[in-house]
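Only this structure's heavy atoms are used, side chains among them; waters, hydrogens and symmetry mates stay out. Along the sequence shown, residues are numbered consecutively beginning with 1. Values in this document were obtained by computation on a predicted structure and should not be read as measured data.
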Amino acid sequence: MTDAPGSLFFSATGLDRDRTEDLVSEALTGCDDGELFLEYRQSEALVFDDGKLKTASFDTNQGFGLRAICGEATGYAHASELSEAALQRAISAVTAVRSGHNGTMAEAPPGTNAKLYPADNPLGLMSFDEKVALLEKIDAYARSLDKDVRQVSASLGGDWQAVQIIRSDGMSICDFRPLVRLSVSIVAGRGDRQESGSYGLGGRAAYETYVSEDNWQNAVQKALAQAHTNLDAEEAPAGEMDVVLGPGWPGILLHEAVGHGLEGDFNRKQTSAFAGLVGQRVASPGVTVLDDGTIDGRRGSLSLDDEGTPTSCTTLIEDGILTGFMQDRLNARLMGVQPTGNGRRQSYAHQPMPRMTNTYMLGGDAAPDDIISSVKNGLYAVSFGGGSVDITSGKFVFSCTEAYRIENGKIGNPVKGATLIGNGPDALTRISMIGNDMALDAGQGTCGKSGQWVPVGVGQPTLRIDAMTVGGTAA
């Protein structure tokens, strides 16, 4: 990425560019790695609920984070004040980490001219009145579709982040990152019973890409269909049974139960269930899992990560064999491998760590209908809500927000209250059929780790997993 737009951080602040680069070089002398991370961010959120605009917020934030790395030790200081005085204070704090250490600065990230999304700020491309009018249309359209609709909530959010990374060798790189999201939630009811459904979409583009009439009407229809399905649902059965996961968003289970265990820091520290297993079979034949931050416009994509490394398409599991991990610069250096462009941070106030971008499983050769028909008695899970996973053991629990019984090879009645309980590494070995319908999610994922939240993407084809434990509510 060119650093020509980098004047954004110097034209209207107390920082002089040449002086800043000299200070960074001086601060990091004798360190093994480090950088100055400059950030300017604008974000907005509008929420339309119960027929009226409930929330409209707009925020602007800026600041820097200075990091010095010596061995495994890291000194980090950040401030919202962009001035030489603040930078000098940060330097005084982080240089303590290099006391008695005399390292050689790691090689800088390779350059890139990749542009996976437009640089324009999407927030100003639609007026406030246009955004409110759109949310009003969504509300009115949802209520016009069905008399069972009791509540509609629609939200529109946008973010524009400009970052500049300066290293001790004078390397300076910039990235401008748009991010938008549209979400619809509907509560439908019959008599005393009420159920909800939701749908969201978004990515790294202008609002117009996602708020066309076809897109927002489709979002409303999907949210309403899910609410209707849950109104018709019976209590979920419990026990061990074959489970079929739908394509796309159900990849969130793969992300949580398997993806986090393939991040470099957990494996360097030997706290992942996958630690020490590179080159060994960890999944059924045919299972190939990738993390790809280079897909144009996707929610989890980045032209370069938050350390300045270009993102890549990293093969994590190939035909069931563990081939590698997602790496930031620190863990890659300590493990003797190359960074993969997965060093991510929530903001200038946070240190980078290995994080997923768009994580998904490649498709196989089975027709989805054949996968369903192969199951005599089981569960078909289409959408997931919350869940939890223990990285060390790989154990997970996930709740289904839309699921159906499978009876004699056919999709039967919808069920509610179903949870999937299992172990990530074990579940990978129980995959017996892989569909030919791989799909990415619609652009709604956000991932949490160590108190930091970043946008991500997930995906997978239809999958059959044999003999999973299902928690249910049926008596």
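Although no hydrogens or angles enter the test, the distance criterion places no donor-acceptor pair under 3.5 Å between the side chain of S168 and the main chain of L28. Side chain of Y207 to main chain of G158: a donor-acceptor pair is present (N/O by atom type, distance under 3.5 Å, no hydrogens or angles).
Here salt bridge (charged side-chain N to carboxylate O under 4.0 Å, His left out) pairs that include residues 278-294, with residues two or more places apart or in two chains, number zero. Within the structure, salt bridge (charged side-chain N to carboxylate O under 4.0 Å, His left out) contacts touching residues 445-457 (residues at least two apart or in different chains) are E263-K449, D265-K449. Pairs engaging residues 57-69 under the salt bridge (charged side-chain N to carboxylate O under 4.0 Å, His left out) rule: E35-R67, R67-E307 [sequence neighbours left out]. Within the structure, the salt bridge (charged side-chain N to carboxylate O under 4.0 Å, His left out) test picks out no pair touching residues 100-110 (sequence neighbours left out).
Not counting sequence neighbours, the partners of R167 by the salt bridge (Lys or Arg N to Asp or Glu O under 4.0 Å) test are D33. Scanning for salt bridge (Lys or Arg N to Asp or Glu O under 4.0 Å) contacts around E130 gives an empty result, with sequence neighbours left out. Partners of D426 by salt bridge (Lys or Arg N to Asp or Glu O under 4.0 Å), not counting sequence neighbours, listed by chain and number: R430. For the salt bridge (Lys or Arg N to Asp or Glu O under 4.0 Å) test, residues two or more places apart in sequence or in another chain that qualify with D49 are K54. Listed by chain and residue number, T401 satisfy the side-chain hydrogen bond (donor to acceptor under 3.5 Å, both in side chains) test with S383 (two or more places apart in sequence, or in another chain). Contacts of Q327 classified as side-chain hydrogen bond (donor to acceptor under 3.5 Å, both in side chains), with partners at least two apart in sequence or in another chain: none. Judged as a side-chain hydrogen bond (donor to acceptor under 3.5 Å, both in side chains), and not counting sequence neighbours, the contacts of E72 are R268.
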Output side-chain donor-acceptor pairs under 3.5 Å for residues 436-445, partner residues at least two apart or in another chain, one line each.
| from | atom 1 | to | atom 2 | distance (Å) |
| --- | --- | --- | --- | --- |
| D437 | OD1 | T462 | N | 2.9 |
| D437 | OD1 | T462 | OG1 | 3.4 |
| D437 | OD2 | T462 | OG1 | 2.7 |
| D441 | OD1 | R298 | NH2 | 3.3 |
| D441 | OD1 | V458 | N | 3.0 |
| D441 | OD2 | G443 | N | 2.9 |
| D441 | OD2 | Q444 | N | 3.1 |

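With 3.5 Å as the limit, one finds a donor-acceptor pair spanning the side chains of Y141 and Q221. In this model, no donor atom of one side chain and acceptor atom of the other lie less than 3.5 Å apart for D22 and S25. Side-chain contact of D306 with Y348: a donor-acceptor pair under 3.5 Å is absent, judged by distance alone.
Looking at D159 and R204, no side-chain N of the basic residue comes within less than 4.0 Å of a carboxylate O on the acidic one, giving no salt bridge.
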